[in-house]
Amino acid sequence: MTTRKRAGGVRKTRSLLSLIVLAIFIFFFLFFAGESGGGLPWFQAVPASLRWWGGGILLAASAILAGRVYCSVLCPLGTLQELIWRSGRRPRSYVRPSVLRYWILGGVLLSAGVGYMLPLAGFDPYAAFGRGITHLLRPIVLGGNNLLATALEERGTYSLLHRIAQPSLLPELVLGTALFFTLLAFWAFFRGRPFCDAICPVGTFLGLFSAAPLASIRYEGEKCVSCGMCETVCPEGCISAAERRIETDRCVLCLRCLEKCPAGALRFGLAAVNEGLGRRRVLRSGLGALAAFAVFLRAKRPDGTIPAAAASWDERLPISPPGSRSHGNFTEKCVACTACVSACPAGIIRSSLTAWGAKGIFQPELDFSRGYCQFGCVACSLACPTGAIEPLLLEEKQKIAVGKARFLQRNCIVRKYGQACGACSEHCPTQAVRMIPFRGELTIPEVDTSLCLGCGACEYACPETPKAITVSGIAVHGRIREREEEDGKGPVVAPLEEFPF
Amino acid sequence: MDRREFLKRSLAMSVGGAALLVPGSVKRVFAASGKLPGLAAVRGGEPGAMFDRGVAALGGLERFVKKGQTVVLKPNMSWDVPPELAANTNPELVERIVKRCLEAGASKVYAFDHTCDLWRNCYVNSGIESAVKRAGGIVSPAEASRYYQKVSIAGAKSLKEPSVHELLLECDVFINVPVLKHHGGAGITMGMKNLMGTVWNRRELHSKGLHQCIADLSLFRKPDLTVIDAYRVMTRNGPRGTSERDVTVMKAQILSTDIVAGDTAGARIFGIDPQNVGHIRIGADQGAGTMDLDSVGVERIAL
């Protein structure tokens, strides 16, 4: 009994760890995405492999050592499925390994390799989880928070809670996400962690190296009483009790079999020396090496974006967040996890449907219809774990141009009605839009594109419909020119000597 | 002004000037002559000290704030920039006003602004939220339409029915605390322009003719006191500013019971003829106040 007790303790510790990770991810996507760079999201499989060439190799090494230990504690989507399954406690039985998963992994690697990110973004469990929180849970939580904040204010309690702006979400994408999670929830309720077993490209990648990991769960001696308990509690369906076999490339180390085995016949331990490599295993290892090499190459892929800007007033290129360097770098590294969408305090980063074409569904773009990129903010660049948006210091960000403003005088209030306005210039943080003499007392905006950040403040502020000033993206981000501070730094000190009245 | 009146005024002024040498005596002198000045211009001190001297010259804060009244301050905190850039009202000045209002017996002192940049960032980074809280006041949000109520302004020509922050409708005392700065659209911004931050639909003012709308808005709830902060003055690239180089440290302040007179004095300090500022001119024509500083009674104080 003591071995079972110990196994139970270890299993519970693992469950607790995975739940803590799940909670961290939920709070990250709800509230803290823009607070600071780094942290757990940076250690997720796909983001880490995209941002750093060693990411894939490190993952492979972990699998060679202990199988899919990553899936055991670090994957929020896996833990979520396990929770749903445990709520019904449906017994499982052995299922044959899926072949589909290899096709998915191959397809994902190939398409991501040529810069087509939709399949990877769609199947990456981390990104899928993030989209779920941002598109489904977060609107509800923010709504609740905002109601509570309002109720408190009405009772005279200010500044305990503040309302948080809801980001703009496209209904198509909310619906799509809801559909995905509904299907996943049903599937998981009956089948445990089916996504991890039959679909997940990260799990499959790890599986290629987990055919015979150094440490794994195995049957010990002849203690087994063939009760079949282990098979019924396995969320992956990877235990065949009849054959006393655990398929380690599918096992996610949930440790439930260890805990439940009445005979204490299962053990987590090192492989015996005489367990040699069969022909199939050699083949799999070869495939695994190939996949790891592909992941390595992907991380090293150079950015070949050709500089481009809108050619006319009617053309409008999408705008990628500051720190994304270029449209190529952004769209080829973004897995659409929506961390930046959640991080943006202005709520202007929005998952797109068509902005980046079919390959970029869900990848975000800046949308200035409800606000503009705040001059003093770098939240999205801190939130992004994949390197699609690189971390920025504030003084760097304040020099990076992500788009350019275009002014169409015939739409401008000053010209149309002969009235003073200047809302655009008022909001411009660099005075790229300044007011120059027009008729009589009137002044009219003028854009100096060499100072324009493309932050969208002018576009948002323009009170006229159609807008007289709009921002279009530029394919390769630039730097604005240094403002000449010919007359030194610091304020002029000239106290008033006498009153001019 | 005839000769007799001129002599009378000169006499009054010299008496007032002499009285200034004795701190606290201004109130008595003007009380004796039966009329308190409507405008105090102060220079050469720190923002808090200048306010104390200026408001004493106007007859003390008790002239405006009675025991148990609620006071609303409308500082300019529209921009997410630090105080050194002078895009927002000086936090030290706001803190002092809140403190003095509470000392004068105000039951509650609120401050709010409908900001341009994100409101949380503006409230925090302007330094005004913490300043108000330090002094014991309440910072109210103004970022949601639910705070605003539709009103109609008698005598308005363009901005006839704006939605205005409810605090402005409910308060007993309204103190307008703008900062003097350059403004690309309106030329210059002070007291009247600052009222834009009490309105929900800011864009409406731009699309219906900025100067006329500002003047219209000034007719709605005339501030009991306007305190124009000209300690740090943004002289170009306004209203947001780009660097500290846009700022001139002038160390001045104008306190006025008449919003148009205050802006008139402010424009002079800035170096602009107030006649050339549309909203000041229209405001005076429409009766929001007067551009004739002498008729208001000016007290000039150097610290």
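Lettering follows sequence order; numbering is per chain, from 1.
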(message) At a 4.5 Å cut-off on heavy atoms, which part of Arg232(B) comes close to chain A: side chain, backbone, both, or neither?
(response) neither
(message) Let me confirm one number: the CZ-CD distance from Phe499(A) to Glu299(B), rounded to the nearest 0.5 Å.
(response) 10.0 Å
(request) Sort Thr443(A) into side chain, backbone, both or neither according to what part of it lies under 4.5 angstrom from a heavy atom of chain B. (result) side chain
(request) Locate the shortest heavy-atom distance separating Pro141(B) from Arg163(A); write the atom from each residue and the value. (result) CB-NH2, 3.7 Å
(request) For chain A, find its close neighbours in residues 78-87 of chain B: heavy-atom separation under 4.5 Å, sorted by number, or none. (result) Trp79(B), Asp80(B)
(message) Quick one, Arg146(B) with Glu154(A), criterion side-chain contact (heavy atoms from CB on, under 4.5 Å). Give me CA distance, side-chain angles, the key distance, then yes/no.
(response) CA-CA 11 Å; Arg146(B) 53 179 296 278; Glu154(A) 274 167 4; 2.4 Å; yes
(message) Can you tell me how far apart NZ (Lys208(B)) and CD (Gln419(A)) are? Round to the nearest 0.5 Å.
(response) 11.5 Å
(message) With heavy-atom distances below 4.5 Å as the criterion, would you say the side chains of Lys251(B) and Leu496(A) are in contact?
(response) no
(message) For Glu441(A) versus Gly278(B), what's the shortest heavy-atom pair and its separation?
(response) OE1-N, 4.2 Å
(request) Could you tell me which non-hydrogen atom of Leu118(B) sits nearest to which non-hydrogen atom of Ala346(A), and how far apart they are? (result) CD1-N, 3.6 Å
(request) Sequence neighbours left out, what passes ring-ring contact (aromatic ring centres under 6.0 Å, His included) with Phe29(A)? Give chain and number order. (result) Tyr126(A)
(request) Return the option, out of Gly422(A), Ala423(A), Gly418(A), with the maximum number of heavy-atom pairs under 4.5 Å with chain B. (result) Ala423(A)
(request) Sort Ala461(A) into side chain, backbone, both or neither according to what part of it lies under 4.5 angstrom from a heavy atom of chain B. (result) backbone
(request) Let me know if His211(B) has heavy atoms under 4.5 Å from chain A in its side chain, its backbone, both or neither. (result) side chain
(request) Kindly state each residue pair satisfying ring pair (Phe, Tyr, Trp, His ring centres under 6.0 Å) with at least one member in residues 431-453 of chain A, sequence neighbours excluded. (result) none
(request) Quick one: pull up CD in Gln374(A) and SG in Cys122(B) and give me the separation to the nearest 0.5 Å. (result) 7.0 Å
(request) Let me know if Glu153(A) has heavy atoms under 4.5 Å from chain B in its side chain, its backbone, both or neither. (result) side chain
(request) With a 4.5 angstrom heavy-atom cut-off, could you sort out which part of Lys133(B) is near chain A: side chain, backbone, both or neither? (result) side chain
(message) Between Arg300(B) (side chain only) and Phe501(A) (backbone N and O only), is there a donor and an acceptor less than 3.5 Å apart?
(response) yes
(message) For a quick test of reading the model, state the closest non-hydrogen atom pair linking Met435(A) to Gly184(B) and the distance between them.
(response) CG-O, 3.2 Å
(request) Give, as side chain, backbone, both or neither, the part of Tyr372(A) having an atom under 4.5 angstrom from any heavy atom of chain B. (result) side chain
(request) For residues Ile269(B) and Pro500(A), determine if any side-chain heavy atom of one lies less than 4.5 Å from a side-chain heavy atom of the other. (result) yes
(request) Working to the nearest 0.5 Å, report the span between CG of Asp117(B) and NE2 of His427(A). (result) 7.0 Å
(request) Go through the atoms of Ala252(B) and report whether side chain, backbone, both or neither lie under 4.5 Å from a heavy atom of chain A. (result) side chain
(request) Can you tell me which residue pairs pass the side-chain hydrogen bond (donor to acceptor under 3.5 Å, both in side chains) test with a partner in residues 267-277 of chain B, sequence neighbours excluded? (result) none
(request) Carefully, step by step, assess Arg240(B) and Glu426(A) under the rule salt bridge (Lys or Arg N to Asp or Glu O under 4.0 Å). (result) CA-CA 6 Å; Arg240(B) 195 187 200 283; Glu426(A) 199 177 304; over 6 Å; no
(request) Heavy-atom pairs under 4.5 Å with chain B are the metric here; pick the option from Glu498(A), Arg434(A), Glu464(A) that has the most. (result) Glu498(A)
(request) Go through the atoms of Cys462(A) and report whether side chain, backbone, both or neither lie under 4.5 Å from a heavy atom of chain B. (result) backbone
(request) Would you mind checking which part of Tyr147(B) comes under 4.5 Å of any heavy atom in chain A, side chain (CB onward), backbone (N, CA, C, O), both or neither? (result) side chain
(message) At a 4.5 Å cut-off on heavy atoms, which part of Cys424(A) comes close to chain B: side chain, backbone, both, or neither?
(response) neither
(request) Mind listing the closest non-hydrogen atom pair of Cys421(A) and Leu210(B) along with its distance? (result) O-CD2, 3.5 Å
(request) Flag the pair Arg203(B) / Tyr460(A) as yes when at least one side-chain heavy-atom distance between them is below 4.5 Å, and no otherwise. (result) yes
(request) Please report the closest heavy-atom contact between Ser207(B) and Ile413(A), naming both atoms and the distance. (result) CA-CD1, 3.4 Å
(message) Please classify the contact of Glu143(B) with chain A as side chain, backbone, both or neither, using a heavy-atom distance under 4.5 Å.
(response) side chain
